[in-house]
Amino acid sequence: MTTASMNTQQPLLEGRNVSKFFGGLAALTGVDFAVYPGEVVGLIGPNGSGKTTLFDCLSRVQTISAGEVFFKGQDITNKKPFQVAHMGLARTFQVIRVYNKLTVLQNMLLSRQYGNTSIRKLFRPYPDVLEERAHEIIHFLLLDRVVNEKAGNLSGGQKRLLEIGMALMPDPELILLDEATSGVNPTLIETIKDRIMELNQNYNKTFLLIEHNIQFIGDLCSRVFVLNYGQKLAEGTPQEIMENQEVIEAYFGADGGDDDDW
Ligand SMILES: Nc1ncnc2c1ncn2[C@@H]1O[C@H](COP(=O)(O)OP(=O)(O)OP(=O)(O)O)[C@@H](O)[C@H]1O
Ligand SMILES: [Mg+2]
């Protein structure tokens, strides 16, 4: 795995001076960052620090107020969500977005990552190759037993896995995961971790992960960015970040703390 300091490659994803204002509220101010091919990078920060807003800007579901974003060297600052999805950038959502009344397989086939998703698509013929791909991914994510189960009956962890599966359908190069362990039991957290590692190491997928579970970050990420009040507070290895006094103060106040779940 590569780290930025030794990396002479072009970043897969790069933000320059990214800012987002909601009226008078500065959700992001002048954020610079780069994610290189093959990395698993963590994005952490206290509640309300702008993490999800950054994902919304990168996946283009929110406009960017100032600054620029590049994906594979192309300026995507003004592209539409379906355009960046087609370029190979996928994401999941902090608040799970699956169709509860549809089965796991139907959710996969409808994956909105293609953009312009309509329920009518389910009633049109779709290529066998799409269904084959859906089954392969379902198998990879250990969801075979629930393939025909309605998504609403899945556990929190199974829903998170399904969302990852939906994100994988278009075979993206970069996957942004927003709190993939939130609402997930410890066993399935291990499954999610293991699947991310496998996707990274054997399927060439690059990840940017928003997480509050610092153990998960430590196990998976080579680098971590920290946001605080919409600005980049720090950047480094998980170890460096955990020992960074400014980061500890941002999370726990000046007297620090020892909670695993940041
Ligand atoms: N659509 C919106 N309209 C107005 N304000 C928003 C909007 N989305 C986010 N914000 C504000 O922007 C700031 C950053 O929110 P964001 O959801 O990005 O934080 P976060 O780091 O993801 O937090 P959490 O860890 O709680 O998920 C907050 O003050 C939030 O209230
Ligand atoms: Mg968030």
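Just the heavy atoms: all of them, side chains too, but no hydrogens, waters or symmetry mates, feed the values below. Atoms within a ligand are numbered from 1 in the order they appear, just like the ligands themselves.
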Check: Phe93 ring centroid to Phe55 ring centroid under 6.0 Å: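 No, ring centres 6.0 Å or more apart.
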
Contact check: Thr52 to the Mg ion (ligand 2), N/O/S below 2.8 Å: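 For Thr52, the answer is yes, given that an N, O or S atom comes within less than 2.8 Å of the Mg ion (ligand 2).
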
Contact check: Gln94 to the Mg ion (ligand 2), N/O/S below 2.8 Å: yes

Passing option when His135 is tested against Leu130, Val147, Asp144 for side-chain contact (heavy atoms from CB on, under 4.5 Å): Val147

Any N/O pair Phe22/ligand 1 closer than 3.5 Å: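 N/O-N/O distance under 3.5 Å: no.
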
Which of the atoms of ligand 1 are close to [X], meaning less than 4.0 Å from one of its heavy atoms?
X: His212; result: 25 (O)
X: Leu25; result: 11 (C), 12 (O), 29 (O)
X: Asn47; result: 23 (O), 24 (P), 25 (O), 26 (O)
X: Gly50; result: 14 (C), 18 (O), 19 (O), 20 (P), 21 (O)
X: Gln62; result: 1 (N)

In the protein, what heavy atom is nearest to [atom], and what distance, to one decimal place, separates them?
atom: atom 27 (O) of ligand 1; answer: Gln94 NE2, 2.8 Å
atom: atom 23 (O) of ligand 1; answer: Gly48 N, 2.8 Å
atom: atom 25 (O) of ligand 1; answer: Lys51 NZ, 2.7 Å
atom: atom 16 (P) of ligand 1; answer: Thr53 OG1, 3.6 Å

Stacked cation flag Lys20 on Phe22, 6.0 angstrom / 45 deg: yes

Sub-4.0 Å heavy-atom approach of Glu179 to ligand 1: yes

Within-shell test, Ser49 vs ligand 1, heavy atom, strictly < 4.0 Å: yes

Straight-line distance of Asn228 CG to Glu249 CD, nearest 0.5 Å: 10.5 Å

Lys159 NZ to Asn153 CG distance, which is reported to the nearest 0.5 Å: 8.5 Å

Donor + acceptor pair across side chains of Asn148, Thr103 (<3.5 Å):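 No, no side-chain donor-acceptor pair sits under 3.5 Å.
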
Polar side chain donor-acceptor pair, Thr52 to Gln94, under 3.5 angstrom: yes

Main-chain N/O of Gly38 paired to Thr206 side chain as donor or acceptor, under 3.5 Å: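 It does hold such a pair.
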
Backbone N/O of Asp32 and side chain of Lys232: donor-acceptor pair under 3.5 Å: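 Yes.
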
Proximity winner for atom 22 (O) of ligand 1, if only heavy atoms of Asp56, Ile44, Thr52 are counted: Thr52

Met166-Val95 co-clustered via ILVMFWY side chain contacts under 4.5 Å: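 No; Val95 is not reachable from Met166 via cluster members.
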
